[in-house]
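Model, not experiment: these values are computed from the prediction. Reckoned from all heavy atoms, side chains included, excluding hydrogens, waters and symmetry mates. Sequence lines set the chain letters: A, B, ... in the order given, protein chains first and strands last, and positions in each chain run from 1.
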Amino acid sequence: MPEFTKPYESRWQAFLLLLPTFAVLIAFLYYPGIETFRLSLQQTILLGTRKTFVGIENYITLATSSTYHWSFAISVAFAAVVVIGTLAASLFVAYLLFQVDVGSSTYLIAAIWPYALPTAVAASVLLFLLHPSLGILTFVLESLTGTSLEWFTNGPQAFAIVALVAIWKQLGYNIIFMVAALNNIPETLTESAKLDGVGHLKMLYRVYVPLMSPTLVFLVVMNTIYAFFQTFPLVDLMTSGGPNEATNLLIFKLYRDAFEFSNLGLASAESVVLFAVVAILMYVQLRLSESYTTYA
Amino acid sequence: MATSSTSESTLARLLPEDVDTEQALVHGGLIVSIFLMGLPLLLALIMSTQTTTEVYEVTNVGIGSQGLSNYGTVLGEYNFGQYMINSVVMSIIIVVGKVTLSLFAALALVYYRFPYERAVFMFILLTLLLPVPVRIVPLFDLMARLGWGNTLMAITGPYIASATAVFLFRQHFMAIPASLVENAHLDGVGPLTFLWKVLIPMSKGMIAGVSVITFIYAWNQYLWPLIIMSDQNKQVVQVGLRFLQAASQSGLTRWGIIMAGAVIALLPPLAVLIVLHKPLLETLAIQQK
């Protein structure tokens, strides 16, 4: 960087400017983050009044606990369903938005608004509309398909309903990025493909999706993080982890182990596992976005 | 949705190669998708005007006889007015705090020469690995020891610094022409004046975008306020929705009231998104890179 772009030399001024950010990051992010690792090696007894060092015992407990295995498995399955469902539905809407000639900005706002939808609102609204006995949507679905929706007692149905709400809430976020990616694709490419008589679907899969791959990788990572961490209100408000543990996602189990059962050491070990999940995802994103830079 | 996309393209192939037909199909597809996406909210709006008895008639989708009075009930009787105020105060503190702190940090990173610049930047960026669930137990403990339980400090403090905002402002500052910086420097403009008179006016779009993202993010908080705020009067509106459900668990659930609460809790972030969608979209486009 040429010298004139860095006009200020004073180190103490730079330090003062960075100080508030550093203070907050150290106090509320790094310190508790490191403490999580330390706590994960401890056992709390007598309602948290005493802590003893137990080494990796908490991790062994997790590794051998069938409820934790279950939670982990359904969280991964949940993330897979949410990521695939969100990407497919958003791609469909984004592709339509990309092709529309008039009224595009009105359509755009009408399609991205779920970005502003708080997860707890999504949960409350659909808990009611899909209520097994009172929900109008339940009524419509049941009369269309001839099945009965009993998701308060049926585990797989509850899992599907929570995933559906999670997908709905995440559509806006995905559509924003997909529309941006589609608009970055050179118009000449679209035109020449059209002249060659390439159909819409083929065009989408053969031309647009490959060119959008950096955005899609980014969205896979962001949607996975969302599915693991931000779906707590859905479980808390809609199913409380049930029925039969069918929606006891890792984040909900962590909350319960820590704040209902006061098992702080074990909950911290669960946090460390979640840390590993974010770290892996971030690493994947960095590596993949590097290898895709040729497209950007 | 996937099935409708296939049937549509089959339709498009059957119809004559006409641009207008194609556009009509695109418009039709969009209107149907947007309607389906908005349908739950539309129904929630309708149900929010119904009495409990009307709600319990499942197929009744007419405007209810309550009019807007459920909204008054939820705001007054169910304390939603207070929760809304709490959420607004929390979100504004987080937005103002985060924007201010991040502008300062970005100013230092871009316009100051100091040792270990790269390491300092990495130190900030690495916090992306530490979302709330990863540090929730010690953070709760820390707040308890600081005596911050049930305070605004507890629900705003952990959020007023962020790697993303610093990163976005840094990117934006680096794109500002060097000649401008040089002129300012030659004129002997101090760093804070430079920030106030040059950088902030040139970053209005970015500041608006970061503010929208932060506002929506702050407004969406649920898990952390649920844990740290045990005083119900100080709770935020998202957790207030939980109280609504709990309050009506005995006897007939007052779903009309709950729907009114849900609609109210959605309005502020939705208004912000609609008004400021342009800077929001521009800022998100940069965040992805």
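Between chain A and the options I34(B), L180(B), I216(B), V166(B), the largest number of non-hydrogen pairs under 4.5 Å is found for I34(B). Listed options F22(A), F128(A), W113(A) were ranked by heavy-atom pairs under 4.5 angstrom with chain B; first place goes to F128(A). Top candidate by heavy-atom pairs under 4.5 Å with chain B, chosen from I176(A), T138(A), V277(A), is I176(A). Between chain B and the residues A279(A), P118(A), A23(A), the largest count of heavy-atom pairs under 4.5 Å involves P118(A). Among A44(B), G38(B), P40(B), the residue making the largest number of heavy-atom pairs under 4.5 Å with chain A is P40(B). Residue with the most contacts toward chain A among L226(B), I274(B), D141(B), V272(B): L226(B) (heavy-atom pairs, distance under 4.5 Å). The residue among S133(A), A110(A), G33(A), A122(A) with the most heavy atom pairs within less than 4.5 Å of chain B is A110(A). Highest contact tally toward chain A, considering only Q221(B), E57(B), E117(B), is held by E117(B) [criterion: heavy-atom pairs under 4.5 Å]. The choice from M259(B), K278(B), H277(B) that makes the most heavy-atom pairs within less than 4.5 Å of chain A is M259(B). Per-residue heavy-atom pair counts under 4.5 Å with chain B were compared for H131(A), M282(A), Q230(A), R11(A), and the maximum is reached by R11(A). Among L204(A), L137(A), V272(A), L97(A), the residue with the largest count of heavy-atom pairs under 4.5 Å with chain B is L97(A). Most heavy-atom pairs under 4.5 Å with chain A, from the set L266(B), L241(B), L192(B), L223(B): that is L223(B).
Contact of the I136(B) side chain with the Y255(A) side chain is not registered, since no non-hydrogen atoms from C-beta on lie closer than 4.5 Å. Under the 4.5 Å side-chain criterion, counting only non-hydrogen atoms from C-beta, E270(A) is not in contact with L250(A). Residues F232(A) and L249(A) are not in side-chain contact: their nearest non-hydrogen atoms beyond the backbone lie 4.5 Å or more apart.
The parts of L117(A) that come within reach of chain B are both its backbone and its side chain, each placing non-hydrogen atoms under 4.5 angstrom from that chain. Both the backbone and the side chain of L126(B) come within less than 4.5 Å of a heavy atom in chain A. Residue L126(A) touches chain B through its side chain alone, counting heavy-atom pairs closer than 4.5 Å. In this structure, the portion of L142(B) lying under 4.5 Å from any heavy atom of chain A is its side chain and not its backbone. Heavy atoms of L270(B) lying under 4.5 Å from chain A belong to its backbone as well as its side chain. In this structure, chain B has heavy atoms under 4.5 Å from both the backbone and the side chain of P233(A). Both the backbone and the side chain of L129(B) come within contact range of chain A, each with at least one heavy atom under 4.5 Å from a heavy atom of that chain. Using a 4.5 Å cut-off between heavy atoms, L91(A) makes no contact with chain B at all. Using a 4.5 Å cut-off between heavy atoms, I213(B) contacts chain A through both its backbone and its side chain. For A27(A), the part sitting under 4.5 Å from any heavy atom of chain B is the backbone (N, CA, C, O) and nothing else. Within the 4.5 angstrom heavy-atom criterion, no atom of I280(A) approaches chain B. With a 4.5 Å cut-off on non-hydrogen atoms, I124(B) touches chain A through its backbone and its side chain both. Neither the backbone nor the side chain of V132(B) comes within contact range of chain A; no heavy atoms are under 4.5 Å apart. Using a 4.5 Å cut-off between heavy atoms, Y159(B) makes no contact with chain A at all. Using a 4.5 Å cut-off between heavy atoms, L237(A) touches chain B through backbone and side chain atoms alike. Proximity to chain A is absent for every atom of L103(B), based on heavy atoms less than 4.5 angstrom apart. Contacts between P131(B) and chain A at a heavy-atom distance below 4.5 Å involve the side chain alone, from C-beta outward. When heavy atoms are compared at a cutoff of 4.5 Å, L130(A) does not approach chain B at all. I227(B) touches chain A through its side chain: at least one heavy atom from C-beta onward sits under 4.5 Å away, while N, CA, C and O do not. Neither the backbone nor the side chain of I167(A) comes within contact range of chain B; no heavy atoms are under 4.5 Å apart.
Here F123(B) and Y116(B) keep their ring centres 6.0 angstrom or further from each other. The distance between the ring centers of Y226(A) and Y173(A) does not fall below 6.0 angstrom.
Between Y95(A) and F98(A), the ring-plane angle classifies as parallel under the 30° and 60° cut-offs. The aromatic rings of W219(B) and F215(B) sit parallel, their planes meeting at an angle under 30°, below the 60° perpendicular limit.
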Practice problem: Dump the intermediate steps for ring-ring contact (aromatic ring centres under 6.0 Å, His included) on Y8(A) and Y112(B), then the final yes or no. | Solution: CA-CA 5 Å; Y8(A) 302 115; Y112(B) 277 88; 5.4 Å; yes

Practice task
For side-chain contact (heavy atoms from CB on, under 4.5 Å), just list the numbers for L234(A) and K169(A), CA-CA rounded to whole Å, side-chain angles, deciding distance to a tenth of an Å, and then say yes or no.
Solution key: CA-CA 10 Å; L234(A) 300 179; K169(A) 192 255 158 294; over 6 Å; no

Stepwise side-chain contact (heavy atoms from CB on, under 4.5 Å) test for Q245(B) and S124(A)
CA-CA 8 Å; Q245(B) 277 185 24; S124(A) 300; 3.9 Å; yes

Test side-chain contact (heavy atoms from CB on, under 4.5 Å) on Y56(B) and Q50(B); report intermediate values, then the result. CA-CA 10 Å; Y56(B) 274 69; Q50(B) 295 185 343; over 6 Å; no

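Here the closest non-hydrogen pair linking V121(A) and A262(B) is CG1-O, 3.5 Å. A pairwise comparison of heavy atoms in L195(B) and F173(B) identifies CD1-CZ, 4.3 Å as the closest pair. Residues F194(B) and V189(B) come closest through the heavy atom pair N-CG1, 3.5 Å. Nearest heavy atom pair, residue T21(A) against residue A161(B), reads O-CB, 4.0 Å.
Here I136(A) contributes atom CD1 and L134(A) contributes atom CG; the two are 11.0 Å apart, rounded to the nearest 0.5 Å.
Around the CZ atom of F259(A), the shell of radius 6.0 Å holds more than 12 heavy atoms that belong to other residues, nucleotides or ligands.
For the residue pair D236(A)/Y222(B), the side-chain donor-acceptor check at 3.5 Å is satisfied.
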